[in-house]
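Predicted model only: the values in this text are computed from it and were never measured.
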Amino acid sequence: MTSSPGTPARTRFAPSPTGRTHLGSGRTALYDFLLARQTGGQFILRIEDTDRKRLEPGAEEELINNLRWLGLEWDEGPDVGGPHSPYRQSERKDIYLHYAHQLIQMGRAYYCFCTQARLAQLRQEQMKRKEPTHYDGLCRRIDPGQAEQRVAAGEPHVIRFKVPEEGGITAHDHVRGDITVENRNIDDYILIKTDGLPVYHLAAMVDDHLMEITHVIRGSEWLPTFPLHVHIVRAFSWDEPVWVHLSVFLKPSGKGKMSKRDTAEAIKDGFSIYLSDLRKMGYLPEAVVNWSALMGWSYDDRTEFFTMPELVEKFSLERLNPSPAAINFSKLDHFNGLHMRRLEVPDLAARIKPYLMKAGYEVDDETLLRVTPLLQERIVTLDDAVAVGGFFFEREVTPNPEDLVGNHMTPAESAEAARRAYQILADLPEIDQETAEGPLRSLAEELGISAGQLFSILRTAVTGRNVSPPLFQTMAIIGKEIVLERLANAIELLENLNG
RNA sequence: GCCCCCAUCGUCUAGAGGCCCAGGACGUGGCCCUCUCAAGGCCAAAACAGGGGUUCGAAUCCCCUUGGGGGCACCA
C-alpha cells in the first residue's frame with residue numbers, strides 16, 4: 001500500500017486537454033516527475049479526454065510543449081508509448097465498460113434511466129428544501145434483471161456507483177491524514193455516461209490500477225470525491241496508491257483563487273498563471289520550476305534556491321504543506337534573476353537572442369556575447385534584454401535633447417564638455433575602461449564638474465538613454481567609430497538646443 | 001443550504017510541548033558600494049485569528065467561534 005522511500009514510484013500526470021496549461025498543473029506534474037526520478041521509477045503522462053464536449057483542439061500539444069519546456073520528460077505517454085498503451089482515455093472506452101459491468105455483477109453499481117431533466121429538477125427541489133443535493137436512488141431499486149432487459153431494449157442509461165447506505169469510510173490522504181465521511185453524504189455518482197464513456201471517477205481509478213500507479217498526486221479539488229474514489233478502489237479489492245492532495249493556488253492577495261479578471265490583471269502587470277505566457281514573457285523554466293516547487297513544499301528553514309537535479313534529490317512528500325498558497329509573482333522575478341545570473345554567458349546569450357530578434361534587432365553573435373554579461377545582472381526577464389540592451393544593436397540612437405544636458409549645467413556647458421570628451425576619445429587608439437576613464441575623469445576635474453555630470457552626458461549621447469550598463473564597458477562594445485558618431489550627433493543636438 | 005479541507009509577518013514558509021518575547025525568503029524602508037541602473041553587502045519594521053481547555057510549561061495537543069478555500073454536473 002505505501003511504498004518506502006527507496007522503492008521506485010510510478011506517478012502519473014493526468015490532465016484533460018480542455019484549455020491552457022496552468023501553473024497549478026505545472027507544479028503537480030513537477031512533483032510527479034521529481035518523485036519518479038528520485039526513486040528511479042516512472043513518470044507517466046495520461047490524457048483524460050473523456051469529456052468530448054469540453055475538448056479543445058491544440059490543448060494536448062500545448063500541454064506537451066509546456067511540460068517539455070519545464071524539463072519534465074515522461075517515460076510513458078500518448079506520444080512516446082509504453083507498456084500500458086493507449087495513454088489517451090478516449091481510446092480505452094471498452095476497458096472502463098468492462099470494469100463498470102464487473103461492478104454491476106458484484107452488486108456495487110446499477111443502471112440508471114433517469115433523464116437529465118429529472119435530475120435537474122430533483123436538484124432544484126433539494127436546494128429549495130435546503131437539503132444536500134444527491135441522487136435519490138430511484139433506479140437503485142429497480143430489479144437488476146429488469147434493468148438488464150431495458151438496457152438490452154436500447155433504453156438510454158448510465159451506470160451509477162452504489163454507495164453503501166450505512167456506515168462511513170475513512171480515506172487516507174498523505175498530506176492531511178485520515179478523512180472520514182459518512183456514506184450517506186456520498187452521492188451515487190455516475191460512472192458511465194449515456195455516451196458510453198466513463199467519468200473521471202471510474203476512468204482514473206481503473207487506469208491508475210492498470211498502470212500500476214503507486215502515488216496519486218493531484219489537486220485538492222479532488223478531496224470532496226476522494227472517499228468515493230476509495231470506495232471504488234476497495235470495491236475491486238485493488239491496492240490503494242498513496243494519495244497526495246496538493247493545496248490550491250490563491251490569487252496574490254490570498255483572498256480567493258485566480259478568477260478570469262485576476263488573470264487578466266496579472267497579464268497587464270507582466271505576469272500570468274499560464275505556462276506559455278510565462279515563457280513568452282521571458283521567464284526561465286528553471287525559475288518557474290524553483291518558484292512553483294516552493295509553493296506548498298519546503299526543504300528546510302533556509303534553503304530556497306534549487307536546480308532541477310537538486311530538487312530531484314531533496315524533494316519529499318513529507319514536507320508538503322496542506323494549506324492554500326497565494327501566488328507571489330515578485331518572488332518569481334527574484335528566482336528568475338537568480339537563475340539568470342547563474343547561467344553560463346553563451347547559454348544566456350542564446351536564450352536572449354530570440355527576444356531581441358523578435359523585437360526587430362539584427363543580432364550578431366559576437367556582439368551579443370559581449371553584451372550578455374552586462375545584461376546578466378540587470379534584467380529580470382529575458383524580454384528585458386530588449387529594453388535594457390537594444391541600443392547595442394542599433395546603428396543610430398535618438399536621445400531626447402533635454403536629457404543630454406548635464407545636471408545643473410546649461411546646454412552650452414554640456415556641449416562644450418561633450419566636445420572636449422570627443423577630442424579625448426578621438427585620440428585614443430581604442431575606447432575601453434583602461435584607456436578612457438582616467439582622461440575623462442581628469443577632464444571633469446578641469447571643467448569643474450563632477451565625473452557623474454560628465455558621464456551622464458556621455459551616457460545619454462552614446463546609449464540614447466539616461467540609464468544604461470556601465471559607460472566604459474558599454475562604449476568598448478559599441479566601438480570607437482560609432483561612439484564618436486553618436487557623440488557628434490549629441491553635440492549637434494545640444495548646440496541646436498542652445499538656440 | 002449541505003459536505004470536506006485549511007489557519008505563523010502583506011506573501012511563501014521554518015517550527016512536530018520547553019531550543020521561540022518565533023527563524024529564513026520575497027516585497028517594503030534605510031545605509032554601504034557606485035559614472036546611471038542593476039547586482040552585492042549590512043540594518044530595520046513586520047506574524048503565532050479569537051476564546052476555552054489539557055499541561056509545571058503550548059505557535060505546537062483537544063474543543064468551540066471566526067475567517068479563508070474547495071466541492072455539491074451524464075466536467076475534470
| request: Could you check which of C75(B), A39(B), G70(B) has an atom nearest any side-chain atom of Asp51(A)? | output: C75(B)
| Residues in contact with RNA chain B, drawn from residues 14-25 of chain A - heavy-atom cutoff 4.0 Å | Ser16(A)
Taking N or O atoms only and anything under 3.5 Å, show me the protein contacts with nucleotides 8-10 of chain B, one pair per line.
none

| task | Report the nucleotide, chosen from U36(B), A73(B), C74(B), that has the shortest atom-to-atom distance to any side-chain atom of Arg123(A). | result | A73(B)
| Can you tell which of C4(B), C12(B), C74(B) lies closest to the side chain of Ala325(A)? | C12(B)
| message | Before we go on, tell me: are the rings of His245(A) and Phe226(A) under 6.0 Å apart, centre to centre? | response | yes
| message | Less than 3.5 Å apart, any donor N or O on the side chain of Arg459(A) or Ser468(A) sitting next to an acceptor on the other? | response | yes
| query | Tell me: CG of Asp49(A) to C1' of A76(B), nearest whole Å? | reply | 11 Å
| said: Under 4.0 Å, heavy atoms only, any strand: does Lys128(A) hit a base, just the sugar-phosphate, or nothing? | reply: nothing
| field | salt bridge (charged side-chain N to carboxylate O under 4.0 Å, His left out) partner of Asp188(A), chosen from Lys162(A), Arg160(A), Arg140(A) | value | Arg140(A)
| A7(B) pairs with, by Watson-Crick or G-U criteria that keep both distances under 3.5 Å | U66(B)
| request: State whether the distance check finds a donor on one side and an acceptor on the other, under 3.5 Å, for side chain Arg54(A) versus base C75(B). | output: yes
| message | Please determine whether the number of non-hydrogen atoms from other residues, nucleotides or ligands lying under 6.0 Å from atom CD of Glu61(A) exceeds 12. | response | no
| request: Just call it for Pro469(A): base, sugar-phosphate, or nothing, with non-hydrogen atoms closer than 4.0 Å on any strand. | output: base
| Nearest nucleotide by nearest heavy atom, which residue falls closer to the 5' end of RNA chain B, Glu437(A) or Pro198(A)? | Glu437(A)
| said: Checking contacts here: which listed nucleotide (A76(B), G23(B), G69(B)) is nearest the side-chain heavy atoms of Asp301(A)? | reply: G23(B)
| For Val158(A), which contact category applies under a 4.0 Å heavy-atom criterion: base, sugar-phosphate, or nothing? | base
| said: What's the gap between A58(B) and C5(B) when it is taken at their P atoms, as a whole Å value? | reply: 28 Å
| said: Please classify the nucleic acid contact of Arg459(A) as base, sugar-phosphate, or nothing, using heavy-atom distances under 4.0 Å. | reply: base
| How would you list, by chain and number, every residue that makes a side-chain contact (heavy atoms from CB on, under 4.5 Å) with Thr115(A), sequence neighbours excluded? | Ala117(A), Arg118(A)
| field | Out of U36(B), C6(B), C26(B), whichever nucleotide has its closest atom nearest the side chain of Val467(A) | value | U36(B)
| message | Just by distance, no angles: are the side chains of Thr21(A) and Glu62(A) close enough, under 3.5 Å, to form a donor-acceptor pair? | response | yes
| query | Should the heavy atoms of other residues, nucleotides or ligands under 6.0 Å from CZ of Arg129(A) be counted, would the total exceed 12? | reply | yes
| task | Output, in order, the C-alpha distance, side-chain angles, deciding distance and verdict of salt bridge (Lys or Arg N to Asp or Glu O under 4.0 Å) for Arg486(A) and Glu394(A). | result | CA-CA 11 Å; Arg486(A) 291 181 182 180; Glu394(A) 287 170 318; 5.8 Å; no
| field | Val199(A) side chain, from C-beta outward: closest of G15(B), A76(B), C26(B) | value | A76(B)
| Just checking, Arg46(A) and Tyr87(A): is the charged tip under 6.0 Å from the six-membered ring centre and within 45° of the axis? | no
| request: Tell whether Glu304(A) reaches the base of G24(B) with its side chain through a donor-acceptor pair below 3.5 angstrom. | output: yes
| query | Which residue, Ile44(A), Leu45(A), Asp32(A), forms the side chain to side chain contact (heavy atoms under 4.5 Å, CB included) with Arg12(A)? | reply | Ile44(A)
| task | Report the nucleotide, chosen from G40(B), C74(B), C4(B), that has the shortest atom-to-atom distance to any side-chain atom of Lys53(A). | result | C74(B)
| said: Applying a 4.0 Å non-hydrogen cut-off, can you work out what Arg465(A) is touching in the nucleic acid: base, sugar-phosphate, or nothing? | reply: nothing
| request: Answer with base, sugar-phosphate or nothing: what part of the nucleic acid does Ile186(A) contact at a heavy-atom distance below 4.0 Å? | output: nothing
| 5'-most by nearest nucleotide on RNA chain B - Ser468(A) or Pro132(A) | Pro132(A)
| Phe455(A) side chain: which of C35(B), C3(B), C74(B) is closest? | C35(B)
| task | For U60(B) and G69(B), measure between their C1' atoms and round to the nearest Å. | result | 23 Å
| Separation of atom CG in Asn466(A) from atom P in C37(B), rounded to whole Å | 10 Å
| query | Which listed nucleotide (A14(B), A38(B), A76(B)) is nearest to the side chain of His201(A)? | reply | A76(B)
| message | Starting the side chain at C-beta, find the nucleotide from C74(B), G70(B), G1(B) nearest to Lys130(A). | response | G1(B)
